[in-house]
J.: 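Structure below; questions to follow.
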Amino acid sequence: MILATWNVNSLNVRLPHVLKWLEANPVDVLCIQETKLTDDKFPAAAIEAAGYQVVFSGQKTYNGVAILSKLPMTDVVRNNPHYEDAQQRILAATIAGVRVVCAYVPNGQAVGTDKYEYKLGWLASFRHWLELEAAAHPNLAVLGDYNIAPDDRDVHDPAAWAGQVLCSEPERAALRALFGLGLTDSFRLFEQAEKTFSWWDYRMLGFQKNKGLRIDHILLSGPLASRCSSCVVDRAPRKWEQPSDHAPVVAVIGD
DNA sequence: ATGGCAGACTCCGTCTGA
């Protein structure tokens, strides 16, 4: 099974990119974040025509998540049942015996702001819910835009980003708390090129200068991690016309 | 210290993202 995650920064704009990428990369499951579409405007027909079933949970202007799958999805859950949230950031489904969670973790804006506090509270409740999911589903995969760079290897300029949002110690501790549930950052199971990132600022030639962060992750429970044979970032779509500022991350799970 | 870029809505400026 091949699992992928991609923050598309508006599915309205990026639908052609998604379809083009799936044609070249026919993954089994693709988790999408930042659809920025209400459910009545979701392009389900175009995705189904490409051979994927799809579930989605959106809102106007911001956030919004979707799971595309070649195989049937059951037990679909929208949002964290233990966290009252008007923002649509979580979607879960069971696919071929694997519990797949698609998450768009809040950005946090800046350390010390209300949005930052919302992010930390959201993550604490997310951990609580994932603990229950992990207990119920030995095969658990949590994919998405975490808006956290796990450590300084995941930051183009650690000194400039030190203590800043996406890199602050409380955020990193919240991510480690998810690792504490037995979830592994599949990217770090393998030898990786230095300065591999999944997001680059649109401004100041961020991608061309590789001034990025690795904030999109595929976390796997023990049984899935032991069967994982690769995890890579696909930089190719970031070079296309009118790209998302994020690149897809892809993990391969063997038999 | 600010803006740079991009997308969406309030739509020719403002908010948010990361």
Side-chain angles (χ1 to χ4, degrees), chain A residues 5-18 21 31-43 56-66 85-90 102-123 126 143-172 174-175 185 187 195-217 233 235 237-249:
Chain A
T5 181
W6 194 4
N7 179 325
V8 298
N9 185 20
S10 169
L11 187 57
N12 186 43
V13 175
R14 235 65 70 185
L15 178 61
H17 301 65
V18 170
W21 188 78
C31 293
I32 287 178
Q33 302 85 38
E34 280 209 90
T35 60
K36 299 187 179 182
L37 289 171
T38 50
D39 289 350
D40 59 305
K41 292 181 177 165
F42 193 91
F56 43 92
S57 178
Q59 65 179 87
K60 193 176 172 185
T61 311
Y62 302 117
N63 311 312
V65 285
D85 194 356
Q87 304 186 18
Q88 304 305 305
R89 296 180 173 278
I90 293 175
C102 174
Y104 177 45
V105 176
N107 168 280
Q109 198 170 59
V111 175
T113 63
D114 288 349
K115 290 194 175 75
Y116 182 78
E117 292 306 316
Y118 164 67
K119 181 179 192 174
L120 294 181
W122 191 99
L123 281 163
F126 189 48
L143 303 86
D145 176 358
Y146 285 74
N147 271 316
I148 301 171
D151 64 56
D152 284 350
R153 290 176 294 175
D154 305 308
V155 182
H156 69 89
D157 185 348
W161 280 88
Q164 302 293 312
V165 73
L166 314 187
C167 299
S168 74
E169 182 48 33
E171 292 166 86
R172 287 175 167 175
L175 183 57
D185 178 2
F187 182 81
K195 300 188 182 301
T196 298
F197 306 125
S198 66
W199 169 87
W200 302 263
D201 201 313
Y202 282 124
R203 298 165 290 186
M204 302 189 296
L205 301 173
F207 181 70
Q208 290 84 343
K209 295 178 178 174
N210 197 31
K211 290 187 169 183
L213 303 173
R214 192 176 68 89
I215 55 178
D216 301 271
H217 310 303
V233 177
R235 294 164 53 95
R238 190 62 174 77
K239 303 171 188 170
W240 296 348
E241 285 287 312
Q242 205 175 7
S244 167
D245 42 359
H246 295 252
V249 182

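Just so we're clear, the structure is a prediction, and the values are computed from it rather than from any experiment. Every chain is numbered from 1 and lettered A, B, ... according to where its sequence line falls, protein lines coming before strand lines.
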J.: At their closest point, which heavy atom of A:Lys195 faces which heavy atom of A:His156, and how far apart are they?
T.: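 Minimum heavy-atom separation between A:Lys195 and A:His156: NZ-O, 3.8 Å.
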J.: Quick one about A:Asn9 and A:Tyr202 (side-chain donor to acceptor, distance below 3.5 Å, no hydrogens or angles considered), yes or no?
T.: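 There is such a pair (donor and acceptor under 3.5 Å, judged by atom type) between the side chains of A:Tyr202 and A:Asn9.
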J.: In whole Å, measure the gap between the P atoms of B:dG3 and B:dG13 for me.
T.: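 Each nucleotide's P atom is 15 Å from the other's.
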J.: Check every nucleotide of DNA chain B for an atom under 4.0 Å from a heavy-atom of chain A, then give the first and the last such nucleotide from 5' to 3'.
T.: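 First-to-last contact on DNA chain B, by the 4.0 Å heavy-atom rule, is B:dG3 to B:dA18.
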J.: Considering residues at least two apart in sequence or located in another chain, which fulfil the side-chain hydrogen bond (donor to acceptor under 3.5 Å, both in side chains) criterion with A:Gln33?
T.: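 Once residues adjacent in sequence are excluded, the partners of A:Gln33 under the side-chain hydrogen bond (donor to acceptor under 3.5 Å, both in side chains) criterion are A:Thr5.
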J.: Taking the six-membered ring of A:Phe197 as reference, does the cationic atom of A:Arg214 (NZ for Lys, CZ for Arg) lie under 6.0 Å from its centre and within 45° of its axis?
T.: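 No; the conditions do not both hold, so A:Arg214 does not lie above the ring face of A:Phe197.
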J.: Is there side-chain contact between A:Ile215 and A:Asn7, with at least one heavy-atom pair below 4.5 Å?
T.: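 A side-chain contact under 4.5 Å is absent here.
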J.: Is the ring pair A:Trp6/A:Trp240 parallel, tilted or perpendicular, if the boundaries are 30 and 60 degrees?
T.: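 Ring orientation of A:Trp6 relative to A:Trp240: perpendicular.
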J.: Take atom C1' in B:dC11 and the same atom in B:dA1, then report the distance between them in whole Å.
T.: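 Result for the C1' pair: 29 Å, nearest Å.
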J.: Among all residues two or more places apart in sequence or in another chain, which pass the side-chain contact (heavy atoms from CB on, under 4.5 Å) test with A:Glu169?
T.: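 Listed in chain order: A:Arg172, A:Ala173, A:Arg176.
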J.: List for me each residue that meets side-chain hydrogen bond (donor to acceptor under 3.5 Å, both in side chains) alongside A:Gln59, sequence neighbours excluded, and say none if there are none.
T.: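 For A:Gln59, the residues satisfying side-chain hydrogen bond (donor to acceptor under 3.5 Å, both in side chains) (neighbours in sequence not counted) are A:Asn63.
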J.: Tell me, do A:Asp185 and A:Pro150 make a side-chain contact under 4.5 Å, heavy atoms counted?
T.: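 Yes; the side chains approach each other to less than 4.5 Å.
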J.: Of the residues in residues 198-207 of chain A, which ones touch DNA chain B at a heavy-atom distance under 4.0 Å?
T.: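 Under 4.0 Å from DNA chain B: A:Trp199, A:Tyr202, A:Arg203, A:Met204.
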J.: Looking at every strand, decide which applies to A:Asn7 at a 4.0 Å heavy-atom threshold: base, sugar-phosphate, or nothing.
T.: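 It contacts sugar-phosphate atoms only.
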J.: Got a sec? Which of residues 10-17 of chain A come in under 4.0 Å of DNA chain B, heavy atoms?
T.: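 Going residue by residue through residues 10-17 of chain A, the ones with a heavy atom under 4.0 Å of DNA chain B turn out to be A:Ser10, A:Asn12, A:Val13, A:Arg14.
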J.: Can you tell me how far P in B:dG7 sits from the matching atom in B:dA18, rounded to whole Å?
T.: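 Those two atoms are separated by 14 Å.
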J.: Any donor-acceptor pair under 3.5 Å linking the side-chain atoms of A:Trp199 with those of A:Asp216?
T.: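 The answer is no; no qualifying pair exists.
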J.: So what does A:Asn147 hit on the nucleic acid, given a heavy-atom distance under 4.0 Å: a base, only sugar-phosphate, or nothing?
T.: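 It contacts sugar-phosphate atoms only.
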J.: So A:Gln164, base contact, sugar-phosphate only, or nothing? Heavy-atom distance under 4.0 Å.
T.: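 Result for A:Gln164 = nothing.
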J.: Quote, to the nearest angstrom, the P distance that separates B:dA6 from B:dT10.
T.: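 Roughly 23 Å separates the two P atoms.
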J.: Report the residue (A:Thr61 or A:Tyr104) whose heavy-atom-nearest nucleotide on DNA chain B is the more 5′ of the two.
T.: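 Checking each residue's closest nucleotide, the 5'-ward one belongs to A:Thr61.
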J.: Between A:Tyr146 and A:His217, how do the two ring planes meet: parallel, tilted or perpendicular, split at 30° and 60°?
T.: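 If you compare the ring of A:Tyr146 with that of A:His217, the planes turn out tilted.
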